[in-house]
Amino acid sequence: MRVVIAEDSVLLREGLRRLLTDAGCEVVATVGDGPGLVTAVLEHRPDVSVVDVRMPPSHRDEGLRAAITARDKVPGSPVLVLSQYVEKQYAAELLADGAGAIGYLLKDRVADVREFVDAVRRVAAGGTVMDPEVVAQLLVRHRRDDPLRTLTPREREVLTLMAEGRSNTAIAAHLVVSGGAVEKHISNVFTKLGLEPSNADHRRVLAVLAYLRG
């Protein structure tokens with residue numbers, strides 16, 4: 001797995017490089033600013049980029065905006081955001097293309113190296129991995145005509161776990177229900193959100209996006 005790291009802290013950047021290298025990944029580039037990330041993605045076409053949100057010069061949202069630019073130039077390029085902050089506007093924009101291969105984890109809440117490496121691999125494979133706290137902060141409003149309001153509490157719980165990147169098996173284990181029950185809840189979610197079967201769209205990703213926007 002070929003990885004680009006975008007992080008302005010030299011110590012953290014080197015720590016991530018060593019951690020991922022020890023896990024069997026090939027770190028093809030390490031950069032310290034947004035333009036460097038875009039250049040590295042265009043040059044190396046990595047399997048995944050691990051990106052901090054706040055980088056020079058203003059240390060606000062340059063990393064996240066650069067990740068969006070990189071995905072515009074290399075559609076579907078996998079990105080795992082690793083940050084101390086939730087930048088709501090650009091986080092939602094990063095998720096908006098519906099292509100998957102996106103993750104957003106909070107540095108202070110990453111407690112297990114193996115879980116972090118697993119998250120990197122899942123994003124590289126096209127999955128979506130979201131820290132529950134990120135999901136909670138993005139869910140800030142409900143409109144009267146929001147189809148999410150029609151979901152039952154259990155359906156909403158299943159959709160929340162989907163937004164965290166859980167598989168059907170993991171959701172079933174978490175809720176202590178059968179796999180068939182999870183499939184039924186997910187089918188109901190798709191129906192209530194108006195997501196018809198399609199070869200062109202990934203309904204699971206679209207359902208998560210509808211949830212985050214709602």
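The first residue of the sequence shown is numbered 1, and numbering continues consecutively from there.
The shortest heavy-atom contact between Tyr104 and Tyr85 is OH-O, 2.7 Å. Glu62 approaches Arg60 most closely through the heavy-atom pair OE1-N, 3.0 Å. When all heavy atoms of Val79 and Ala67 are compared, the closest pair comes out as CG1-CB, 4.0 Å. For Ala101 against Gly76, the heavy-atom pair with the smallest separation is CB-O, 4.0 Å.
One finds the NZ atom of Lys184 at 9.5 Å from the CD atom of Glu155 (value rounded to the nearest 0.5 Å). The distance from atom CG of Asp52 to atom CG of Leu64, rounded to the nearest 0.5 Å, is 10.0 Å. How far CE of Met55 is from OG of Ser83: 10.0 Å, rounded to the nearest 0.5 Å. Here the CD atom belonging to Gln84 is positioned 9.5 Å from the CG atom belonging to Leu106, to the nearest 0.5 angstrom. How far OG1 of Thr152 is from CZ of Arg156: 9.5 Å, rounded to the nearest 0.5 Å. A distance of 12.5 Å separates CG in Leu195 from CZ in Arg204, rounded to the nearest 0.5 Å.
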Ignoring hydrogens and angles, write down the donor-acceptor pairs under 3.5 Å from the side chains of residues 116-132, residues two or more places apart or on other chains.
unit_1 : atom_1 : unit_2 : atom_2 : d
Arg121 : NH2    : Ala23  : O      : 2.8
Arg122 : NH2    : Gly165 : O      : 2.4
Asp131 : OD1    : Arg109 : NE     : 2.8
Asp131 : OD1    : Arg109 : NH2    : 3.2
Asp131 : OD1    : Glu133 : N      : 2.7
Asp131 : OD2    : Arg109 : NE     : 3.0

Donor-acceptor list for residues 26-47 side chains, cut-off 3.5 Å, not counting sequence neighbours:
unit_1 : atom_1 : unit_2 : atom_2 : d
Asp33  : OD1    : Gly36  : N      : 2.8
Thr39  : OG1    : Pro35  : O      : 3.1
Arg45  : NE     : Leu42  : O      : 3.2
Asp47  : OD2    : Arg2   : N      : 2.7

Taking it one step at a time, do Val177 and Ile171 satisfy side-chain contact (heavy atoms from CB on, under 4.5 Å)? CA-CA 8 Å; Val177 299; Ile171 293 172; 5.9 Å; no
Worked check of salt bridge (charged side-chain N to carboxylate O under 4.0 Å, His left out) between Arg13 and Asp8: CA-CA 7 Å; Arg13 189 166 67 232; Asp8 67 307; over 6 Å; no
Criterion side-chain contact (heavy atoms from CB on, under 4.5 Å) on Val50 and Val4, from CA distance to verdict: CA-CA 6 Å; Val50 179; Val4 165; over 6 Å; no
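Ser187 places no side-chain N or O within 3.5 Å of a backbone atom of Glu183 that could act as its donor or acceptor partner. Between the side chain of Glu7 and the main chain of Ser9, a donor-acceptor pair closer than 3.5 Å is present.
Shown here are the salt bridge (charged side-chain N to carboxylate O under 4.0 Å, His left out) partners of Arg154, two or more places apart in sequence or in another chain: Glu157.
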